[in-house]
Structures are given as C-alpha cells and as structure tokens.
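Step one of this worksheet: look at the structure below.
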Amino acid sequence: MKDYSKVKTFDELIELEHGKVGSASRNKYEENAQMFIVSEMLKSARKEANLTQEQLAERAGTKKSYISKLENGKGNIQLSTLIRIFEQGLNKRIGLTFL
C-alpha cells in the first residue's frame with residue numbers, strides 16, 4: 001500500500017504513482033495522457049463541426065473505425081495522419097509545442 005500522507009502536489013502524486021520523469025512507467029503514463037488529450041480534442045472538434053465519425057473519415061481519407069479508435073484513445077497515430085484529419089477533415093490548423 002502506497003503512503004499518500006506526504007503528498008502535497010499533483011506532481012508528487014504522479015511521481016508516487018508512476019515514478020520519476022524519464023522512467024519507463026512515467027513515460028508510458030505521459031504517452032497515455034497525451035493520447036487522451038488528442039482524442040478529446042479530436043472528438044470535440046468533430047462535434048463542433050457537426051460531423052459524424054463517418055463524415056470526418058470520408059473527408060480525411062480514412063475509415064470510420066480509425067476515427068473511433070482515435071477518439072477512444074485506442075489507436076496509434078502518425079503525425080501526418082493527425083494533421084490530415086484536422087486540416088482536411090475539420091478545416092483546422094494544427095500547431096505543436098515542444099517543452
């Protein structure tokens with residue numbers, strides 16, 4: 001059982017649960033967190049555009065099942081595909097920030 005009594009910040013909680021930055025466990029957690037964010041952004045943008053998954057897939061040149069996987073955080077996505085989905089499918093620009 002983990003001792004949470006000394007945890008005072010969110011960063012401390014994440015470190016206790018997933019390890020220090022750079023560890024395999026922490027890297028996997030960070031990857032999953034980023035995928036969740038992308039999936040929620042995609043779902044929100046699609047709904048804002050009043051498109052079904054099928055309509056978005058058609059516009060972006062992919063399959064409905066792929067859009068569904070992405071929106072559920074289950075798919076692995078290449079950057080070029082992500083850009084195509086947002087730019088061709090949703091008519092939105094995408095930007096990246098490196099920290």
Side-chain angles (χ1 to χ4, degrees):
M1 184 88 171
K2 295 181 181 177
D3 179 13
Y4 295 95
S5 64
K6 296 180 183 176
V7 173
K8 304 245 186 291
T9 68
F10 184 70
D11 286 336
E12 290 173 355
L13 176 63
I14 298 301
E15 188 168 304
L16 180 63
E17 287 290 319
H18 301 286
K20 295 192 178 292
V21 172
S23 68
S25 175
R26 181 65 173 263
N27 288 344
K28 185 66 177 166
Y29 167 77
E30 298 287 347
E31 181 182 316
N32 288 338
Q34 291 299 317
M35 189 60 205
F36 174 77
I37 291 167
V38 169
S39 70
E40 290 299 307
M41 290 173 68
L42 175 59
K43 191 182 319 179
S44 177
R46 179 184 59 78
K47 288 180 178 182
E48 185 180 297
N50 293 315
L51 295 173
T52 65
Q53 290 179 340
E54 191 169 341
Q55 289 168 325
L56 176 57
E58 189 175 303
R59 286 183 177 193
T62 190
K63 295 182 180 182
K64 178 198 174 289
S65 61
Y66 186 65
I67 298 296
S68 178
K69 281 182 183 179
L70 294 177
E71 287 188 0
N72 289 299
K74 305 290 184 199
N76 205 352
I77 189 166
Q78 290 184 350
L79 183 56
S80 60
T81 305
L82 180 66
I83 291 169
R84 189 175 75 244
I85 289 169
F86 273 92
E87 292 190 355
Q88 290 179 6
L90 295 165
N91 200 30
K92 294 196 177 275
R93 301 282 298 158
I94 193 169
L96 299 172
T97 302
F98 295 94
L99 305 173

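Keep in mind it's a predicted model, so treat the numbers as computed, not measured.
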Tell me, with the steps shown, if I85 and L56 meet side chain to side chain contact (heavy atoms under 4.5 Å, CB included). CA-CA 8 Å; I85 289 169; L56 176 57; 4.1 Å; yes
Side chain to side chain contact (heavy atoms under 4.5 Å, CB included) evaluation trace for E54 with E58: CA-CA 6 Å; E54 191 169 341; E58 189 175 303; 5.6 Å; no
Q55 vs N50, side chain to side chain contact (heavy atoms under 4.5 Å, CB included): CA-CA, chis, key distance, verdict: CA-CA 9 Å; Q55 289 168 325; N50 293 315; over 6 Å; no
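The OG atom of S25 lies 9.0 Å from the CD atom of E17; values are rounded to the nearest 0.5 Å. Here the NZ atom belonging to K20 is positioned 4.0 Å from the CD atom belonging to E15, to the nearest 0.5 angstrom. A distance of 4.5 Å separates CD in Q53 from NZ in K64, rounded to the nearest 0.5 Å. A distance of 11.5 Å separates NZ of K43 from CG of L70, quoted to the nearest 0.5 Å. Distance check: R46 CZ to T52 OG1 gives 7.0 Å after rounding to the nearest 0.5 Å. Note that the CD atom of E30 and the OG atom of S23 stand 9.5 Å from one another [nearest 0.5 Å].
Here the side chains of K6 and E12 are not in contact, with every heavy-atom distance at 4.5 Å or above. When side chains are defined from C-beta on, M35 does not count as touching N76, because their heavy atoms never get closer than 4.5 Å.
S5 and D3 share a side-chain donor-acceptor pair at under 3.5 Å.
Across all their heavy atoms, G89 and L51 have their closest contact at O-CD1, 3.6 Å. Across all non-hydrogen atoms, the minimal contact from I94 to F86 is CD1-CD1, 4.1 Å. Of all heavy-atom pairs between Y66 and Q78, the closest is OH-N, 4.4 Å. G73 and S39 get closest at one heavy-atom pair: N-CB, 3.9 Å.
Under the 4.5 Å side-chain heavy-atom criterion for ILVMFWY residues, a single connected hydrophobic cluster contains both L90 and L79.
Residue R84 places its CZ atom among more than 12 non-hydrogen atoms of other residues, nucleotides or ligands, all under 6.0 Å distant.
Panel note: side chain S68, backbone S65; no donor-acceptor pair is recorded below 3.5 Å.
Between K92 and E87 there is no salt bridge, since no side-chain N of the basic residue sits under 4.0 Å from a carboxylate O of the acidic one.
Results of the side chain to side chain contact (heavy atoms under 4.5 Å, CB included) test with L82 over I77, L42, L96 single out I77 as the only residue that passes.
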